[in-house]
2 protein chains.
Amino acid sequence: MSSAIPGFELPLRLLLGFRVLIDELHAELGRQGHPDIRPMHGFVMQAIGGHGTTAVELGRTLGVSKQAAGKTIDTLERIGYVERTVDPQDTRRKLVRLTPYGMDALVRSGQIFESLRQRWAAELGEERLDALVTDLRRMTPPDMFRLDTPGWFGTL
Amino acid sequence: MSSAIPGFELPLRLLLGFRVLIDELHAELGRQGHPDIRPMHGFVMQAIGGHGTTAVELGRTLGVSKQAAGKTIDTLERIGYVERTVDPQDTRRKLVRLTPYGMDALVRSGQIFESLRQRWAAELGEERLDALVTDLRRMTPPDMFRLDTPGWFGTL
DNA sequence: ACTATTTAGACAACGTTGTTGTCCATCTTA
DNA sequence: TAAGATGGACAACAACGTTGTCTAAATAGT
């Protein structure tokens, strides 16, 4: 299309593919009782994981400051996806844990992603989809959790 | 790794692949005389294209408000990548055009993307890379220029 | 031709999310 | 026990998005 130079297409298609999956995820999450969740939140909850974390730790995982992580936690707490509890071992720390509602969103996200993957497999064939993921795995860093994308794009 | 559910990997790898390419692009652009350019700017300049545009038109292309497009143009103007000229046909309109410096960045971006693509081809094989792009083209919308990604991610 | 509507752009106010700097309480270490 | 490191909160600021309002200019309708 408008980009005559073929090199432009590779990054754009990667981004578009990501967008399509995320948009479909959130459309479906909205139908399944999670209308307020935003793309970023899924990443953050994935980073929080099942065993909980702290603001500082979360900031490190996401590649943002502890203050930014704290604000995101504030938001997720406000809409009911996480809760803060004190750490009896270390009174300074506040453990951030997913609420049952948050766990529900995370589980559903996994299921929806799974069904989206199956849709891609039905369209492309399991073999080619495997090849695609395998090739991407080969060209990308091994630690999937460099999720500092919010902010990485967009800031001057 | 941490995501036990395989469906999570597909979107993350797509995003990671995009990130790797964009990060390498900007590292190289920095070396080639464009240290101040940001990921978003490449997209915007690509959207502006060779024949110029206006703030309203640019906003529509990028999927943001005309005010947001105007602010981005302000920034690009300040750092010397675009210039505004009046439209003699319509005195209300201000045509936004790439400066020679901006054109240089766009041309270099194309060349760098091209060499990155070649690196991927060397690693994966031309055939598999073609298959990857072909498959992504199949699963993504045809209009590559829905570049409203700045803001789409990240906002509550 | 005159008026009414639409359109382009500028300006202001505001919300969100990131940053850095500062401060205090608490844990760790020497 | 004293000194340093760490977790978290608070404030100030910057970047970038939004909506609303306003003016000037082009276009449409009568």
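The chains referred to below are lettered A, B, ... by the order of the sequence lines, with proteins before strands, and numbering in each begins at 1.
Contact annotation for A55(B): backbone-only contact, meaning every heavy-atom pair under 4.0 Å involves sugar-phosphate atoms and none involves a base. Using a 4.0 Å heavy-atom criterion, one finds that K71(A) contacts the bases of the nucleic acid, with or without backbone contacts as well. Base contact: S65(B) has a heavy atom under 4.0 Å from a base atom.
Taking atom CZ of R78(B) as the reference point, atom P of dA14(D) lies 13 Å away to the nearest angstrom. Between the P atom of dA25(D) and the CZ atom of R93(B) lies a distance of 16 Å, rounded to the nearest Å. One atom, CZ of R92(A), and another, P of dT26(C), lie 10 Å apart when rounded to the nearest Å. To the nearest angstrom, P of dG7(D) lies 13 Å from CD1 of I73(A). Going from atom CD1 of I79(B) over to atom C1' of dC16(D) covers 15 Å, rounded to whole Å. Atom CG of D36(B) and atom P of dA15(D) are 13 Å apart (whole Å). At whole-Å resolution of the value, NE2 in H41(A) and P in dT16(C) are 11 Å apart. Distance D74(B) CG to dA14(D) P: 17 Å, rounded to the nearest Å.
Comparing dG9(C), dT19(D), dA5(D) by their nearest atom to the side chain of Q67(B) picks out dT19(D). For V56(B), taking side-chain heavy atoms from C-beta onward, the closest of the listed nucleotides dG9(C), dT18(D), dT19(C) is dG9(C). Side-chain proximity of K66(B) to the nucleotides dA25(D), dG9(C), dA13(C) is greatest for dG9(C).
Aromatic ring centres of Y81(A) and Y101(A): separated by under 6.0 Å.
Residues P88(A) and L95(B) both approach DNA chain C. Their nearest nucleotides, taken by heavy-atom distance, put L95(B) toward the 5′ side. Nearest-nucleotide mapping onto DNA chain C: of D87(A) and K94(B), the residue sitting toward the 5' end is K94(B).
Distances shown here put a side-chain N or O of T54(A) below 4.0 Å from the OP1 or OP2 atom of dG8(D). A close approach under 4.0 Å does not occur between any side-chain nitrogen or oxygen of T91(B) and OP1 or OP2 of dA8(C). Residue R60(B) places at least one side-chain N or O under 4.0 Å from the OP1 or OP2 atom of dA8(C). Close to dA10(C), at under 4.0 Å from its OP1 or OP2, lies a side-chain N or O of R84(B).
Note on L106(A): it clusters hydrophobically with I79(A), by side-chain heavy-atom contacts below 4.5 Å among ILVMFWY residues.
A salt bridge does not link R97(A) with E77(A): every distance from a Lys NZ or Arg NE/NH1/NH2 to an Asp or Glu carboxylate oxygen is 4.0 Å or more. Here D74(A) does not pair with R78(A) in a salt bridge; the nearest charged N to carboxylate O distance is not below 4.0 Å. A salt bridge links R117(B) with D130(B); the closest basic N to acidic carboxylate O contact falls under 4.0 Å.
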